[in-house]
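These notes concern the structure reproduced below.
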Amino acid sequence: MRYRLITLSLLLVAVVGTLAGSALAQTGSKPPSDLSSAQRLEVMRSKLESLRRSLNSAVSSMPAADKKEKVSADDPREILRGLEKEVSSILSEVNDIRGRHDRAERYDPTSLDRLETSVTEVDTRVQSALQSTASVRAASASQTAPKKKKKGKFLGLFGGGGDDKYAELTGTVVAGRDRVLFEEAAKEVRKGRHDTGRLLFTTIINTY
């Protein structure tokens with residue numbers, strides 16, 4: 001009889017140990033984060049801010065569609081704008097919980113896990129969208145890039161172009177023009193444009 005009780009006790013201990021190990025295995029499948037709640041919220045906020053800046057920059061680099069035309073949901077710019085709104089929404093929720101945490105107000109701790117999952121998921125979609133629209137954004141940038149105007153040389157030293165207001169004054173020798181050049185040189189010096197003034201004075205000395 002005593003041996004039977006010992007056997008049953010050993011079996012009971014084995015069953016309890018098995019159940020405990022199973023429970024530990026289930027809880028251990030997702031190890032707790034080493035970060036505090038405040039740190040987890042700050043990591044999420046920083047990530048979302050970075051995503052929002054990237055999306056805003058990408059949207060601004062693409063030309064807006066004509067208001068008269070119906071914008072398709074598959075339009076790359078609209079896709080990025082939709083993601084930006086989604087990121088802003090999650091960020092608003094993170095900031096709300098962060099504010100409650102800072103004010104020591106009660107909130108559902110499990111919401112941090114849900115938000116971290118949302119941040120990871122939206123980050124994946126944002127990176128994919130940025131990659132898929134990269135060629136469109138590059139084409140838009142090349143089309144809108146301003147063309148540099150070729151500039152000529154004023155007195156052979158610095159850019160001025162054909163519309164330089166001093167090109168006619170310095171181009172030919174005319175009696176009495178030295179006075180005009182002197183007055184213009186003095187004006188340039190008074191305006192702080194010393195290089196232009198010096199070059200005009202040099203023209204007077206060399207020409208007249």
Side-chain angles (χ1 to χ4, degrees), residues 9-148:
S9 298
L10 291 174
L11 287 173
L12 182 61
V13 170
V15 170
V16 171
T18 303
L19 293 175
S22 177
L24 288 174
Q26 290 179 358
T27 57
S29 61
K30 186 176 182 181
S33 174
D34 293 333
L35 300 178
S36 65
S37 297
Q39 291 173 326
R40 293 169 68 187
L41 288 166
E42 177 58 24
V43 168
M44 287 189 283
R45 185 201 64 78
S46 178
K47 182 64 177 178
L48 292 168
E49 287 282 7
S50 177
L51 290 176
R52 189 167 67 169
R53 285 194 297 269
S54 298
L55 288 167
N56 283 331
S57 176
V59 170
S60 63
S61 68
M62 303 173 70
D66 191 345
K67 294 182 179 180
K68 296 180 180 179
E69 297 180 2
K70 185 177 180 180
V71 180
S72 171
D74 296 331
D75 182 75
R77 194 169 190 271
E78 290 304 308
I79 292 175
L80 295 178
R81 288 183 64 187
L83 285 170
E84 192 277 331
K85 291 179 180 178
E86 187 174 347
V87 168
S88 296
S89 176
I90 300 174
L91 178 61
S92 177
E93 192 172 353
V94 169
N95 288 333
D96 178 63
I97 295 179
R98 188 184 181 192
R100 293 185 183 183
H101 178 82
D102 292 343
R103 295 189 299 270
E105 296 178 359
R106 295 184 62 181
Y107 64 89
D108 184 5
T110 61
S111 60
L112 296 183
D113 296 330
R114 175 178 56 80
L115 285 172
E116 284 175 335
T117 301
S118 298
V119 171
T120 301
E121 190 268 338
V122 78
D123 176 46
T124 301
R125 289 193 289 119
V126 167
Q127 300 304 332
S128 176
L130 290 175
Q131 186 175 2
S132 64
T133 59
S135 58
V136 179
R137 288 184 281 117
S140 299
S142 63
Q143 291 176 359
T144 58
K147 295 182 179 180
K148 293 184 178 180

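- Inter-residue side-chain proximity for L80 and N56 is flagged as unmet; no heavy-atom pair is nearer than 4.5 Å.
- For the pair I97 and L115, the minimum side-chain heavy-atom distance is below 4.5 Å.
- Rounded to the nearest 0.5 angstrom, S89 OG and E84 CD are separated by 10.5 Å.
- Under the side chain to side chain donor-acceptor pair (under 3.5 Å) criterion, R45 pairs with E42, not counting sequence neighbours.
- Residues S54 and V126 have side chains not in contact (no heavy-atom distance under 4.5 Å, counting atoms from C-beta outward).
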Practice problem: Determine, stepwise, if the pair D108 / R100 fulfils salt bridge (Lys or Arg N to Asp or Glu O under 4.0 Å). | Solution: CA-CA 10 Å; D108 184 5; R100 293 185 183 183; over 6 Å; no
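- Counting only distance, with no hydrogens or angles, the side chain of R98 and the backbone of L41 share no donor-acceptor pair below 3.5 Å.
- A side-chain donor-acceptor contact under 3.5 Å links S118 to the backbone of R114.
- Between D96 atom CG and H101 atom NE2 the span is 13.5 Å, to the nearest 0.5 Å.
- Side-chain N or O atoms of S92 include none that pairs as donor or acceptor with a backbone N or O of S88 at under 3.5 Å.
- Applying the 6.0 Å contact sphere to CD of Q131 captures no more than 12 heavy atoms from other residues, nucleotides or ligands.
- Proximity of a side-chain donor or acceptor of S60 to a complementary backbone N or O of S57 within less than 3.5 Å is detected.
- For D102, there are no side chain to side chain donor-acceptor pair (under 3.5 Å) partners at least two apart in sequence or on another chain.
- Side chains of E49 and V87 form no contact here, defined as non-hydrogen atoms less than 4.5 Å apart.
- Contact annotation: the side chain of K47 never approaches that of T120 to less than 4.5 Å [non-hydrogen atoms, C-beta and beyond].
- The shortest non-hydrogen separation linking A58 to S61 is O-OG, 2.7 Å.
- Taking a 6.0 Å sphere around CZ of R106, one finds it holds 12 or fewer heavy atoms contributed by other residues, nucleotides or ligands.
- R77 and M62 get closest at one heavy-atom pair: NE-O, 3.1 Å.
- When the options R125, R52, R81 are evaluated for a salt bridge (Lys or Arg N to Asp or Glu O under 4.0 Å) with E86, the one that passes is R125.
- In this structure, CD1 in I90 is found 10.5 Å from CE in M44, a value given to the nearest 0.5 Å.
- S46 places no side-chain N or O within 3.5 Å of a backbone atom of V43 that could act as its donor or acceptor partner.
- Considering CG of L91 and CD of E93, their distance stands at 10.5 Å, rounded to 0.5 Å.
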